[in-house]
K.L.:
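Encoded as structure tokens, here's the structure I'll be asking about.
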Amino acid sequence: MTLNNVVVVGASAAGLTAAEALRREGYAGKLTMIGAEKHFPYDRPPLSKQVLAGTWEADRVTLRQDDALSTLDAEWLLGTEATGLDVAARSVRLADGRVLDYDGLVIATGVTPRQLPFGHELAGVHTLRTRDDSLRLRADLVPGRNLVIVGAGFLGAETAAVARELGLTVTLVDPLPAPMIRQFGAEIGGALADLHAEHGVRLELNAGVAGLSGVGGRVSGVALTDGRTLPADVVLVAIGAVPNTGWLADTGLSLGNGVDCDEQCQAAPGIVAAGDVASWVHPDLGTRIRVEHRMNATEQGIAAANTLLGNGKPFAPIPYFWTDQYDVKIQAYGTFPPDTELSIVDGSPSEGKFTAEYRRGDRIFGVLGWNMPKQTRALRARALATPVA
Ligand SMILES: Cc1cc2nc3c(=O)[nH]c(=O)nc-3n(C[C@H](O)[C@H](O)[C@H](O)COP(=O)(O)OP(=O)(O)OC[C@H]3O[C@@H](n4cnc5c(N)ncnc54)[C@H](O)[C@@H]3O)c2cc1C
């Protein structure tokens with residue numbers, strides 16, 4: 001079927017890339033971009049790094065300048081939420097009551113930070129996803145204040161690094177024994193715990209949060225399950241995120257792990273999904289994965305656009321992720337299942353730079369570099385279940 005009317009829901013990295021790929025591949029029909037935020041597409045990684053540190057103005061995260069946006073020849077409905085989808089009628093319902101027909105739909109609605117079941121009404125309690133979130137948190141990061149970060153994943157760990165450099169007292173709380181252990185396992189987690197401790201972060205690991213207390217409507221403490229209360233002027237809750245699929249409930253689409261797609265990123269005929277919201281069966285892994293990484297948003301946006309145009313092929317990327325904490329830059333290619341074993345390839349943790357492979361049996365699943373970007377890139381092709389040579 002020739003497409004004449006494509007609607008993209010989610011005007012961020014994945015949605016923008018999908019739209020650009022459609023045009024590049026010759027799609028000349030109507031293109032409508034629907035975005036819940038009022039901003040044109042912008043980049044999120046600097047929001048927990050340069051923007052939070054105050055070394056970049058927020059405008060610098062804009063992904064495309066005006067001329068590139070006008071070349072796209074799209075209608076932008078920003079500050080507009082999609083609230084429903086009729087798969088049979090091929091239409092999207094908007095919060096303002098409008099109904100938009102489509103013959104091709106790209107779902108790129110990303111994820112929303114998970115919240116604690118308590119305390120978010122208190123001033124000084126933050127989550128971090130949007131440009132506005134970053135500026136609000138930045139304004140609260142006043143030197144000398146006590147910042148408690150709940151969750152030691154990459155967002156929590158990056159924010160701890162920025163806040164220490166800004167002169168706050170920082171406590172990182174997590175139920176697991178080390179930061180980023182879910183992503184990269186115990187060895188890298190241990191190295192990160194040492195890194196943060198060396199920079200003066202107080203680590204409350206193997207610790208649960210029982211509640212947040214406040215004085216005069218502002219947060220004043222974080223109660224731990226062992227009965228202690230940590231003093232807090234500012235709290236960042238960084239406990240993961242949930243896919244934005246609420247607007248797709250009862251549509252018949254499978255929403256097991258975000259929007260469930262096939263190998264080509266198709267969720268249903270005429271409907272594709274890309275970026276943080278999309279899961280797909282990775283052909284080389286043979287399992288369904290969903291990847292919340294910046295590079296994947298771009299690569300999957302392109303793949304999904306091609307599928308919509310009838311030129312799809314199985315989407316088989318080597319997932320790539322990076323994180324910057326203090327003067328440490330970590331790059332990671334592939335996947336890092338908990339039952340893989342880490343072995344150092346080059347350098348050593350004591351030198352402060354190394355590369356490592358994650359193996360199960362004779363297969364490599366992921367490669368990770370700690371302050372060795374060039375060497376890590378050279379190992380990239382070995383990631384993702386390549387048999388060890
Ligand atoms: C602070 C921060 C730092 C990060 N740092 C790194 C990093 O160092 N390395 C890395 O690899 N990745 C990083 N990431 C992850 C990376 O930014 C994401 O993977 C990427 O933004 C995903 O793009 P996306 O377009 O899929 O989703 P998003 O960027 O989340 O965009 C989805 C958009 O859809 C909109 N939307 C949602 N629901 C609706 C609806 N119903 N109607 C209309 N619009 C809707 C949302 O408002 C949002 O604008 C970071 C993320 C954050 C938040």
Side-chain angles (χ1 to χ4, degrees), residues 7-19 32-53 58 61 63 76-85 92-96 98 100 105-114 126-138 153-159 161-162 180 183 236 238 240-249 251 258-259 265 273-279 290-302 304 317 319-325 328-333:
V7 170
V8 178
V9 184
S12 183
L16 173 70
T17 314
T32 309
M33 307 290 295
I34 302 170
E37 294 180 70
K38 62 181 189 299
H39 303 291
F40 281 101
Y42 62 86
D43 211 15
R44 294 185 202 275
L47 301 181
S48 53
K49 305 175 186 70
Q50 298 89 338
V51 173
L52 198 60
V61 298
L63 279 173
W76 293 83
L77 304 181
L78 298 178
T80 305
E81 207 178 324
T83 52
L85 169 69
V92 172
R93 194 175 59 247
L94 305 183
D96 60 15
R98 274 181 292 174
L100 302 185
L105 176 68
V106 179
I107 298 174
T109 44
V111 295
T112 295
R114 194 174 282 128
H126 298 260
T127 55
L128 177 53
R129 183 74 195 171
T130 68
R131 191 175 152 157
D132 300 343
D133 292 341
S134 178
L135 294 178
R136 270 193 297 268
L137 177 58
R138 169 81 183 102
F154 81 90
L155 263 190
E158 288 186 353
T159 302
V162 167
M180 296 192 69
Q183 287 92 349
L236 172 67
V242 287
N244 288 323
T245 55
W247 66 287
L248 299 169
T251 54
V259 177
C265 311
D276 287 11
V277 76
S279 75
R290 191 171 61 76
V291 176
E292 292 183 17
H293 298 165
R294 177 65 184 82
M295 178 71 94
N296 187 66
T298 296
E299 294 179 341
Q300 201 167 16
I302 295 169
Y320 168 63
F321 171 78
W322 79 96
T323 176
D324 303 340
Q325 296 170 35
V328 170
K329 291 185 187 308
I330 295 176
Q331 274 91 21
Y333 295 96

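Whatever order the structure lists ligands and atoms in, that order sets their numbers, starting from 1. All values reported here derive from a predicted model rather than from experimental measurement.
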K.L.:
Mind checking whether Tyr42 and His39 have parallel, tilted or perpendicular rings, split at 30° and 60°?
P.N.:
perpendicular

K.L.:
Should you measure from each heavy atom of Ser48, which atoms of ligand 1 turn up under 4.0 Å away?
P.N.:
1 (C), 2 (C), 3 (C)

K.L.:
Say you draw a straight line from CG of Leu137 to OG of Ser48; how long is it, rounded to the nearest 0.5 Å?
P.N.:
10.0 Å

K.L.:
Looking only at atom types and distance, does a side-chain atom of Thr245 sit under 3.5 Å from a main-chain N or O of Leu248, one as donor and one as acceptor?
P.N.:
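No: the side chain of Thr245 does not pair with the backbone of Leu248.
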
K.L.:
Got a donor-acceptor contact below 3.5 angstrom from the Gln331 side chain to the Trp322 backbone?
P.N.:
no

K.L.:
Would you check the N or O atoms of Thr323, main chain and side chain alike, for any that come under 3.5 Å of an N or O of ligand 1?
P.N.:
no

K.L.:
Enumerate the atoms of ligand 1 whose separation from the nearest heavy atom of Ala297 is less than 4.0 angstrom.
P.N.:
22 (C), 23 (O)

K.L.:
Quick test of your reading of the structure: of Met33, Glu37, Lys38, Arg44, whose heavy atom lies closest to atom 29 (O) of ligand 1?
P.N.:
Arg44

K.L.:
What protein heavy atom lies closest to atom 7 (C) of ligand 1? Include the residue and the distance to one decimal.
P.N.:
Trp322 O, 3.4 Å

K.L.:
Return a yes/no value for Leu155: is any of its N or O atoms, backbone included, closer than 3.5 angstrom to an N or O of ligand 1?
P.N.:
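Min N/O separation from ligand 1 is not below 3.5 Å for Leu155.
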
K.L.:
What protein heavy atom is closest to atom 25 (O) of ligand 1, reported as residue, atom name and distance in Å?
P.N.:
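Closest protein heavy atom to atom 25 (O) of ligand 1: Ala14 N, 2.9 Å.
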
K.L.:
Considering the heavy atoms of Ala108, write down every atom of ligand 1 situated less than 4.0 Å from one of them.
P.N.:
32 (C), 33 (C), 34 (O)

K.L.:
Counting only heavy atoms, which portion of Met295 has something under 4.0 Å from ligand 1: side chain, backbone, both, or neither?
P.N.:
neither

K.L.:
Ignoring hydrogens, what is the shortest heavy-atom contact between Glu37 and Leu78? Give both atom names and the distance.
P.N.:
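In terms of heavy atoms, the two residues are closest at O-CB, 3.6 Å.
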
K.L.:
Hey, does Glu81 come in under 3.5 Å of ligand 1, counting only N/O atoms on both sides?
P.N.:
no

K.L.:
Between atom NZ of Lys38 and atom CZ of Arg131, what is the distance when rounded to the nearest 0.5 Å?
P.N.:
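If we round to the nearest 0.5 Å, Lys38:NZ and Arg131:CZ are 8.0 Å apart.
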
K.L.:
Under a 3.5 Å distance rule, please check whether Thr298 uses its side chain to pair with a backbone N or O of Asn296 as donor and acceptor.
P.N.:
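Answer holds: no.
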
K.L.:
Suppose I only count heavy atoms of Thr80 and a 4.0 Å limit; which atoms of ligand 1 are within that range?
P.N.:
43 (C)

K.L.:
Select one of side chain, backbone, both or neither to describe which atoms of Thr109 lie under 4.0 Å from any atom of ligand 1, heavy atoms only.
P.N.:
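Answer for Thr109: both.
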
K.L.:
Name the one of Lys329, Lys49, Arg44 that satisfies salt bridge (charged side-chain N to carboxylate O under 4.0 Å, His left out) with Glu158?
P.N.:
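So the option named by the test is Lys49.
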
K.L.:
For ligand 1, is any non-hydrogen atom under 4.0 Å from Phe154's backbone (N, CA, C, O), its side chain (CB onward), both, or neither?
P.N.:
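Looking at Phe154 and ligand 1, just side chain atoms fall under 4.0 Å.
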
K.L.:
Indicate yes or no: does an N/O atom of Ala13 lie under 3.5 Å from an N/O atom of ligand 1?
P.N.:
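There is such a contact, yes.
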
K.L.:
Do me a favour and list the nearest non-hydrogen protein atom to atom 34 (O) of ligand 1 with residue, atom name and distance?
P.N.:
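So the nearest neighbour among protein heavy atoms is Gly10 CA, 3.3 Å.
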
K.L.:
In ligand 1, which numbered atoms sit nearer than 4.0 Å to a non-hydrogen atom of Val9?
P.N.:
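Result: 42 (N), 43 (C).
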
K.L.:
So Phe154 and Phe321, would you call those rings parallel, tilted or perpendicular, with 30° and 60° as cut-offs?
P.N.:
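Correct class here is perpendicular.
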
K.L.:
Atom OG1 in Thr159, atom CZ in Arg138: separation rounded to 0.5 Å?
P.N.:
12.0 Å

K.L.:
Is there any N or O on Phe321 that sits under 3.5 Å from an N or O of ligand 1?
P.N.:
no

K.L.:
Under a 4.0 Å heavy-atom limit, does Arg294 contact ligand 1 with its side chain, its backbone, both, or neither?
P.N.:
both

K.L.:
Within this structure, what is the CG-CG distance for the pair Leu52 and Leu47, rounded to the nearest 0.5 Å?
P.N.:
8.5 Å

K.L.:
Measuring from Thr17:OG1 to Leu63:CG, what's the distance to the nearest 0.5 Å?
P.N.:
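So the gap between those two atoms works out to 7.5 Å.
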
K.L.:
How many angstroms lie between atom CZ of Arg129 and atom OG1 of Thr112, to the nearest 0.5 angstrom?
P.N.:
7.5 Å

K.L.:
When Val9 is tested against each of Leu100, Thr80, Ile34 for side-chain contact (heavy atoms from CB on, under 4.5 Å), which residue passes?
P.N.:
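Answer after filtering Leu100, Thr80, Ile34: Ile34.
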
K.L.:
Look at atom 53 (C) of ligand 1 and find which of Gln331, Lys49, Arg129 reaches it with the closest heavy atom.
P.N.:
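Among Gln331, Lys49, Arg129, the closest heavy atom to atom 53 (C) of ligand 1 belongs to Arg129.
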
K.L.:
Considering Gly35, Ala82, Ala95 one by one, which has a heavy atom nearer to atom 42 (N) of ligand 1 than any of the others?
P.N.:
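Nearest option to atom 42 (N) of ligand 1, by heavy atoms: Ala82.
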
K.L.:
Give the atoms of ligand 1, by number and element, whose distance to some non-hydrogen atom of Ser12 is under 4.0 Å.
P.N.:
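Those of ligand 1 that fall under 4.0 Å from Ser12 are 25 (O), 28 (P), 29 (O), 31 (O), 32 (C), 33 (C).
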
K.L.:
Determine whether a donor-acceptor pair (N or O, by modelled atom type, separation under 3.5 Å) exists between the side chain of Asp43 and the backbone of Val61.
P.N.:
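Answer holds: no.
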
K.L.:
Find all atoms of ligand 1 within a distance of less than 4.0 Å from any non-hydrogen atom belonging to Glu292, and give their numbers and elements.
P.N.:
15 (C), 19 (O)

K.L.:
Checking a contact table here: which protein heavy atom is nearest atom 44 (N) of ligand 1, and how many Å away?
P.N.:
Ala36 N, 3.0 Å

K.L.:
Can you sort out which atoms of ligand 1 are near Gly275, meaning under 4.0 Å from one of its heavy atoms?
P.N.:
26 (O)

K.L.:
Please work out whether any backbone atom (N, CA, C, O) or any side-chain heavy atom from C-beta onward of Pro45 is under 4.0 Å from ligand 1, and answer side chain, backbone, both or neither.
P.N.:
both

K.L.:
Please indicate whether any nitrogen or oxygen in Asp276 is less than 3.5 Å from any nitrogen or oxygen in ligand 1.
P.N.:
yes

K.L.:
So which heavy atom in the protein is nearest atom 27 (O) of ligand 1, and how far is it from that ligand atom?
P.N.:
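Scanning the protein heavy atoms, the shortest distance from atom 27 (O) of ligand 1 goes to Gly110 CA, 3.5 Å.
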
K.L.:
Please determine if Asp276 and Arg290 form a salt bridge, counting it only when a charged side-chain N lies under 4.0 Å from a carboxylate O.
P.N.:
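Not counted as a salt bridge, because no side-chain N and carboxylate O are separated by less than 4.0 Å.
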
